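Worksheet: the structure to be examined is printed underneath.
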Amino acid sequence: MGLLALGTALEWPEAKLRANQVREWGIKQLLEIWNKAKGKERDAMLWGDEVEYLVVVYSKDDSKVLLSLRQAEILKALSNNEELAAAGSVPALQDETAVKPNKNSKTLPVFHPEFGRFMLEATPGKPWGIGLKELLGVEPDMKLRRQIAKEHMMSTEYPITLTTFPQIGIPGQFTHPFYPPSGPKLRSQFVPDEIANPHIRFPTLAANIRARRTRKVQVNVPIFRDKNTPIPWKDPTVNYDLHNWPEDDDVRNGAAPDNFIHMDAMAFGMGSCCLQITFQAKNIVEGRELYDQLLPLGPIMLALTAATPIYKGFVAGTDVRWNQISRSVDCRTPEELGEKPLKHDRWRIPKSRYAPNSTYISTNPRLRPEYLDPDLVFDPEIKATLIDGGMDDLLATHFAHLFIRDPIVIFEEDLQELDLTKTDHFENIQSTNWQHMRFKPPPADNNIGWRVEFRSMEIQVTDFENAAFSVFMVLITRAILSFDLNFYIPIKKVDENMERAHGIDAVLKDKFYFRKNPFPSRPSRANTAFNDDSRPGSAMPSRPGSPGTLPVEEEYAEMTINEIINGSPDGDFPGLIPIVESYLDSVNVDVQTRCELATYLSLISKRASGELDTAARWIRNFVDAHPNYKHDSVVDDVITHDLIGHVVAIGERESTGRGFAGLDVPGLSNFLGKFRATGREVIAPDAGENGEEEADR
Ligand code: ADP
Ligand code: MG
Ligand code: MG
Ligand code: MG
Ligand code: MG
Ligand code: MG
């Protein structure tokens, strides 16, 4: 759901004056939806994924790889494709929100613009349904999206699924066409304004965030300390002598500390690609439950999908994108940050508006008060309004927390009259609270249900992996509902896990707080269509012990991701994959489907155990072994060219089902193992022609 409005976007000082009106109207719209939809029942168990791409200009013979800024032209080419246009698969130009596909369109994907003018997003033409067999359609659909996207690009342009472009913001040219930094909106010393989608919403978002903060965003990532990396390390690309904008003072005021790669614009964060999954619940109660139970999985899946080891031409000391996006849209004022005493602002706010979640919302009594954040900041007046409107305390607190934020982009034309048949003002605040779970109420027309979105995962290099992680999340969600699983830990521990997920190889080296006993203390509720208690083995055995009476600190422990995913060696913690296997045992699934699902689960399992590398590890090893790499943390043009070349080759081979035979990519078998896009366990990459034939059957 985006903001559809087009019109006059207010600049910050004026937008600020209208913030209360937007909040007030947003809350009225929310109550309208809530009252209309709170009793909605029996919505179908639909779900959908979102895959984001970088578009690069790559050719074998040109050592320079560039980001293509032709998003609009590519979307236009897609819209000129009659088949896609008929299916409603492409948005009208300049409209940031995709046109919904028509009802007849079964399979054609939908393409959406994104913040970066070098990005694309694609979703399935319609959400996936309940059937387990449908899960096997995900990977072919993702491949189709990649192929269709590629067919509408120039021959040297490629859609790739790396989280970040390794050389975004380097000195010299890194975009095609070339634009010099800086511009009035971003005022970045590294990237031009033209890097952002030109739709007025996006430059305004960036400019107003900067204005609200009173300085540029500060996206600093620790440098990776290699043996030839100088200590202290000073980012050599920072220019301390610019005097074009008042914000050029930022670096003279300490914005670029030693030992950090310094970045200063929204594009460095919001220009990252991720993999998001949205689930529709049968009703609001189930939606709230799913939201809470998926919430502690956010950091675990972030670490497991780690894919972001390079920024601005330097190897980073972190493995994932999350904090960088958080900082790239951190609109907090010095008062809200606690740097100055509160005078004009209402609260100190501990987190950016892009951050891990701060509230649980389920009505399930096993949500203990101790799990909640006692210091949660929320707007008491908004909470009172919601409670007066009939909303319960927990949900009112959740929205009153989201509504501590100012709307950033406001269109003058929308402030003339409150339209309760719309949700634009509500969505304005809701959709700029970028938390790792999002609770999505039905749209104004109420034609779809309550949904939750899982947002922490990093995009993976291949569609096989993206399908695997999507499918895993679907299966764990079904297991949660079927077995009434309980993953509650204090929400502040989820924050801490999110920090830990950033560490290099956190997936293998760090421990994460996780609930020791995920099973309900009472028999499973038969609360989904999947839970058919008449079949043998349909319910996980309940374990002794009543979690409600243990001190909270004894309910959780620090575990490795291997333990969380595959189970602890002593068997105390069962492991998410074995839980999913039990779930699959409990439902009717044909042998072929089960086998194909097993290849996905096997990928997840092996990433968790370290048998297979994350994309971050694969990229680190690739850089480390490159002849041009001087062990000084610098990723130059040639290394970038070769890395992107391999990513392009893997993506193409994999999405066309040609297999990896004959493809010489260092470390590939440690990374993708003997798996590939057909979803079947097949050959090692270096197997001969016969192997490939077999694989393609
Ligand atoms: P946003 O960017 O706001 O998260 P998108 O429209 O880009 O939204 O993606 C939403 C995802 O949710 C898509 O994969 C889409 O197929 C899926 N989806 C759409 N309708 C439903 C629904 N009723 N239930 C579950 N998922 C849905
Ligand atoms: Mg969207
Ligand atoms: Mg989207
Ligand atoms: Mg989006
Ligand atoms: Mg997106
Ligand atoms: Mg989304």
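This structure is a prediction, so every number in the text was calculated from the model and none was measured. Values below: all heavy atoms of this structure, side chains included; hydrogens, waters and symmetry mates excluded.
- Residues Ile504 and Ala316 approach most closely at CD1-O, 4.1 Å, considering heavy atoms.
- Summarising the geometry, atom NE2 belonging to His401 is positioned 5.5 Å from atom CG belonging to Leu376; distances are rounded to the nearest 0.5 Å.
- Leu242 contributes atom CG, which lies 5.0 Å from atom CG of Asp248 (distance to the nearest 0.5 angstrom).
- With hydrogens and angles left out, the side-chain atoms of Trp245 and Ser182 include a donor and acceptor closer than 3.5 Å.
- The aromatic rings of Phe399 and Phe439 are tilted relative to each other, their planes meeting at an angle between 30° and 60°.
- Of the N and O atoms on the side chains of Thr161 and Gln460, not one donor lies less than 3.5 Å from an acceptor on the other residue.
- Under a 3.5 Å cut-off, the side chain of His502 and the backbone N or O of Asn323 do form a donor-acceptor pair.
- A salt bridge does not link Asp193 to Arg187: none of the charged nitrogens lies less than 4.0 Å from a carboxylate oxygen.
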Met457 and Met473: CA distance, side-chain angles, deciding distance, side chain to side chain contact (heavy atoms under 4.5 Å, CB included) verdict: CA-CA 10 Å; Met457 290 191 287; Met473 288 312 302; 3.6 Å; yes
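- Inspection of the Asp250 and Gln218 side chains reveals no N or O donor paired with an N or O acceptor under 3.5 Å.
- A side-chain N or O of Asp642 and one of His626 form a donor-acceptor pair less than 3.5 Å apart.
- A donor-acceptor contact shorter than 3.5 Å links the side chain of Asn208 to the backbone of Leu10.
- Of the possible polar contacts, none joining the Arg18 side chain to the Glu412 backbone as a donor-acceptor pair under 3.5 Å is found.
- Side-chain N or O atoms of Asp226 include none that pairs as donor or acceptor with a backbone N or O of Thr229 at under 3.5 Å.
- Judged by the 6.0 Å distance and 45° axis criteria, Arg620 is positioned over the aromatic ring of Phe224.
- The closest side-chain donor-acceptor pair between Asn20 and Arg23 falls under 3.5 angstrom.
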CA sep, side-chain torsions, deciding dist, call: Glu458, Thr308, side chain to side chain donor-acceptor pair (under 3.5 Å): CA-CA 8 Å; Glu458 307 237 305; Thr308 318; 2.5 Å; yes
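- Without hydrogens or angle criteria, Gln324 side chain to Val320 main chain gives a donor-acceptor distance under 3.5 Å.
- Classification of the Phe622-Trp618 ring pair by plane angle, with boundaries at 30° and 60°, yields tilted.
- Formation of a donor-acceptor pair under 3.5 Å by the Thr423 side chain with backbone atoms of Phe426 is not found in this model.
- Remark: of the listed residues Glu52, Arg146, Met119, Arg146 is the sole one forming a side-chain contact (heavy atoms from CB on, under 4.5 Å) with Pro159.
- For the residue pair Asn220 and His262, a side-chain donor N or O sits within less than 3.5 Å of a side-chain acceptor on the partner.
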Test side chain to side chain donor-acceptor pair (under 3.5 Å) applied to Asn197 and Gln71, step by step: CA-CA 8 Å; Asn197 183 325; Gln71 178 187 87; 3.1 Å; yes
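- Between the side chains of Thr164 and Ser272, no donor-acceptor pair of N or O atoms lies under 3.5 Å.
- A donor-acceptor contact closer than 3.5 angstrom links the side chains of Asp637 and Gln167.
- The closest donor-acceptor contact from the side chain of Asp406 to the backbone of Ile408 lies at 3.5 Å or more, if one exists at all.
- When only modelled atom types and interatomic distance are considered, His176 and Ser68 share no side-chain donor-acceptor pair under 3.5 Å.
- Expressed to the nearest 0.5 Å, how far CD1 of Ile644 lies from NZ of Lys64 amounts to 12.0 Å.
- For the pair Asn259 (side chain) and Pro232 (backbone), a donor-acceptor distance under 3.5 Å is absent.
- Salt bridge Arg348/Glu336: absent, no basic N to carboxylate O contact under 4.0 Å.
- Checking Asn357 against His436 by side-chain atom types alone, a donor-acceptor pair falls below 3.5 Å.
- Asn433 contributes a side-chain N or O that, together with a main-chain N or O of Ile429, makes up a donor-acceptor pair within less than 3.5 Å.
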Pair Tyr53-Glu121, side chain to side chain donor-acceptor pair (under 3.5 Å): steps then yes or no: CA-CA 6 Å; Tyr53 309 83; Glu121 181 185 296; over 6 Å; no
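- Donor-acceptor pairing under 3.5 Å is recorded for the side chains of Gln29 and Asp424.
- With hydrogens and angles left out, the side-chain atoms of Arg212 and Thr333 include no donor and acceptor closer than 3.5 Å.
- Using a cut-off of 4.0 Å between Lys/Arg side-chain N and Asp/Glu carboxylate O, Asp632 and Lys630 are scored as not salt-bridged.
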Side chain to side chain donor-acceptor pair (under 3.5 Å) between Ser456 and Trp322, intermediate numbers included: CA-CA 8 Å; Ser456 64; Trp322 187 267; over 6 Å; no
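- For the 3.5 Å distance criterion, the side chains of Ser188 and Asp264 qualify, holding a donor opposite an acceptor.
- Put simply, the side chain of Arg500 gets close to the backbone of Lys511: a donor and an acceptor are under 3.5 Å apart.
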Working for side chain to side chain contact (heavy atoms under 4.5 Å, CB included), residues Ile561 and Ile300: CA-CA 7 Å; Ile561 288 191; Ile300 311 304; 4.2 Å; yes
